[in-house]
Number of protein chains: 2
Amino acid sequence: MFDQLKKIAPQLQGSWERYANLYHRLEVPAKTILLHEGDVSKKAYYIEKGCLRAWFNNKGKDVTFQFFFEQEGVSSIESFRKGIPSPITLESIEPCVLHWIHKKDYNEVMKELNTIPEVREQMAALMLNRQINYMSHFMSFIRDTPKERYLNLLKEKPHIVKRIPQHYIASYLGITSVSLSRIRNAINK
Amino acid sequence: MFDQLKKIAPQLQGSWERYANLYHRLEVPAKTILLHEGDVSKKAYYIEKGCLRAWFNNKGKDVTFQFFFEQEGVSSIESFRKGIPSPITLESIEPCVLHWIHKKDYNEVMKELNTIPEVREQMAALMLNRQINYMSHFMSFIRDTPKERYLNLLKEKPHIVKRIPQHYIASYLGITSVSLSRIRNAINK
DNA sequence: GGCCTGCGATAACAATTGTTAATAAATGAA
DNA sequence: TTCATTTATTAACAATTGTTATCGCAGGCC
């Protein structure tokens, strides 16, 4: 779970085990809600096995916002870090093996890690990359047609198309499942 | 230019003037390009007066990505911070009074500021907020219709609608200027 | 003033997407 | 296995948006 950080800050030696003990293992079936839209998030998750989606309710329909897979950390970042109501729901798509940490413990770990300049830089770089990812994802929405977005997804993130039910992908692409079905049909010709 | 930071780190007293001297004043007419798509950014700008837009070329048409106004810092963040070719062009919309700083100097200032925990926290919070802004902007694209996005813009950021030519706003909303004109016509009834 | 350019509105038609509904296939649980 | 639920496809029609082109207006520049 801390593989990357261990390389950067080996001087923390004994601390890693202590950190790992703050995480709690959790197995959940598919379609389990881990955080409800509107609630304040107190837990951050790490995915050992399975996948999740973040979605929100829009006029009675659910709109999928993002997917998460193995070896990824998951939270409603604004809710978890700022203590405000979450704009999104977190839900398992497949049966999952997760590890969660309480906000209180997470903050303690971060406090310690932040004393190490190398780790701090690494964290800042991670945040920058996350921001750049959101920006380029957003750019594709004002640049490309739904058909182009689907073809991009097939090329750039085929694991999503292979693993995620199509109607979730449709709303992730900003279209209806009917329209995605038509687009797929048009491509196979 | 450092108003916010002065409150957080008054102990830097004499440094502010030194920092301010690293900035160069620059006046430009409208439609001046400050950074070309594909070039590596070496300068970050601060807007004293006027406004800019970030746009990129898509199949011969330019697509506006973001607007910037007075008292805002502007750069192609991935190009400036990571030294990679910029995915966007920066261009003035109105005649502007700008202040720019060279990357080398910027890094020096940041190095000093990063030694102060309070400033570091403030910077991290700023980055977090930027990311949250991009996320919620993106959410509006998979949630709302073009008409709803325009109505949101009118409500949330009326200064953009008042000040920016309509065809730039259209591509910012992900639609053509013809379609935006139709939407405006439909609203006025 | 006269001219050019940029900007916005509108029309006509093509293309795409949304909506609703019906159906079929796949999946999962008892 | 059987049954119920979920998921994907297709059709028909409505609504929206894109494309192309024309027109009028206002601002800036000579």
Side-chain angles (χ1 to χ4, degrees), chain A residues 27-33 50-51 53 55 58-64 67 91-96 140-154 160-189, chain B residues 28-33 50-53 55 58-64 67 91-96 140-154 160-189:
Chain A
E27 281 192 46
V28 297
K31 303 213 175 195
T32 303
I33 291 181
C51 62
R53 69 185 182 112
W55 61 273
N58 183 44
K59 297 162 197 157
K61 295 185 176 180
D62 67 285
V63 179
T64 298
F67 301 109
E91 182 181 335
S92 61
I93 295 178
E94 306 173 354
C96 292
S140 79
F141 268 77
I142 46 180
R143 184 191 341 117
D144 303 328
T145 63
K147 187 182 200 166
E148 291 171 324
R149 287 205 292 277
Y150 179 69
L151 288 170
N152 275 340
L153 195 69
L154 265 178
I160 290 186
V161 182
K162 278 177 197 145
R163 203 163 159 187
I164 307 288
Q166 211 164 288
H167 59 289
Y168 293 154
I169 293 177
S171 77
Y172 177 71
L173 293 174
I175 56 177
T176 61
S177 61
V178 176
S179 190
L180 178 54
S181 184
R182 277 191 293 236
I183 288 170
R184 281 165 52 90
N185 186 298
I187 290 171
N188 294 329
K189 278 174 185 171
Chain B
V28 297
K31 302 211 177 201
T32 305
I33 290 181
C51 62
L52 307 179
R53 69 184 182 115
W55 61 274
N58 183 44
K59 297 161 198 158
K61 296 188 177 176
D62 68 286
V63 179
T64 297
F67 302 109
E91 183 180 335
S92 61
I93 295 178
E94 305 173 354
C96 291
S140 80
F141 268 76
I142 45 178
R143 184 191 342 116
D144 303 329
T145 63
K147 188 183 201 167
E148 291 170 325
R149 287 204 292 278
Y150 179 68
L151 288 170
N152 274 340
L153 195 69
L154 266 178
I160 290 187
V161 181
K162 278 176 198 146
R163 201 162 161 186
I164 307 288
Q166 211 165 288
H167 58 290
Y168 294 154
I169 292 176
S171 77
Y172 176 71
L173 293 174
I175 55 177
T176 62
S177 61
V178 177
S179 189
L180 177 56
S181 183
R182 278 191 292 234
I183 287 170
R184 282 166 51 90
N185 186 297
I187 289 170
N188 295 330
K189 281 172 184 170

Spacing of B:His167 atom NE2 relative to D:dT17 atom P, expressed in whole Å: 20 Å

Nearest heavy-atom contact between A:Leu151 and A:Ile187 is CD2-CD1, 3.6 Å

Interatomic distance where CG belongs to A:Asn185 and P belongs to C:dT17 [whole Å]: 13 Å

Write down the distance between CD (B:Glu94) and P (D:dG28), rounded to a whole number of angstrom. 12 Å

Is it true that the NZ or CZ of B:Arg53 lies under 6.0 Å from the centre of B:Tyr168's six-membered ring and within 45 degrees of the ring axis? yes

From CZ of B:Arg163 over to P of C:dC7, roughly how many Å is that when rounded to an integer? 16 Å

If every non-hydrogen atom of B:Ser171 is compared with every non-hydrogen atom of B:Thr64, which pair is closest and at what distance? OG-N, 2.8 Å

Expected list for residues 140-152 of chain B near DNA chain C, using heavy atoms below 4.0 Å, is none

With distance as the sole test, does A:Thr32 use its side chain to make a donor-acceptor pair with the main-chain N or O of A:Ser92 at under 3.5 Å? no

Smallest heavy-atom separation, A:Ile93 atom then A:Ala30 atom, equals O-CB, 3.2 Å

For B:Phe67 and B:Tyr172 the tightest heavy-atom approach is CE1-CG, 3.5 Å

Which atom pairs, one a donor and one an acceptor, fall under 3.5 Å between side chains of residues 175-182 of chain A and the rest of the protein, sequence neighbours left out?
unit_1	atom_1	unit_2	atom_2	d
A:Thr176	OG1	A:Ser179	N	3.2

To the nearest Å, how far apart are B:Ile187 CD1 and C:dA9 P? 11 Å

What's the CG-C1' distance between A:Asn188 and D:dT10, to the nearest Å? 15 Å

Any donor and acceptor pair, going by atom type alone, linking the side chain of B:Asp62 with main-chain N or O of B:Asn58 inside 3.5 Å? no

Could you tell me whether A:Glu148 and B:Lys59 make a salt bridge, using a distance below 4.0 angstrom between a side-chain N and a carboxylate O? yes

With B for base contact, S for sugar-phosphate-only contact and - for none (protein heavy atoms under 4.0 Å), nucleotides 18-30 of chain C reads BBB----------

Nearest whole angstrom, please: distance from the P of C:dG8 to the CG of B:Leu173. 13 Å

Closest nucleotide among D:dT17, C:dC7, D:dT10 to the B:Ile183 side chain: D:dT17

In whole angstrom, what separates B:Gln166's CD from C:dT10's P? 11 Å

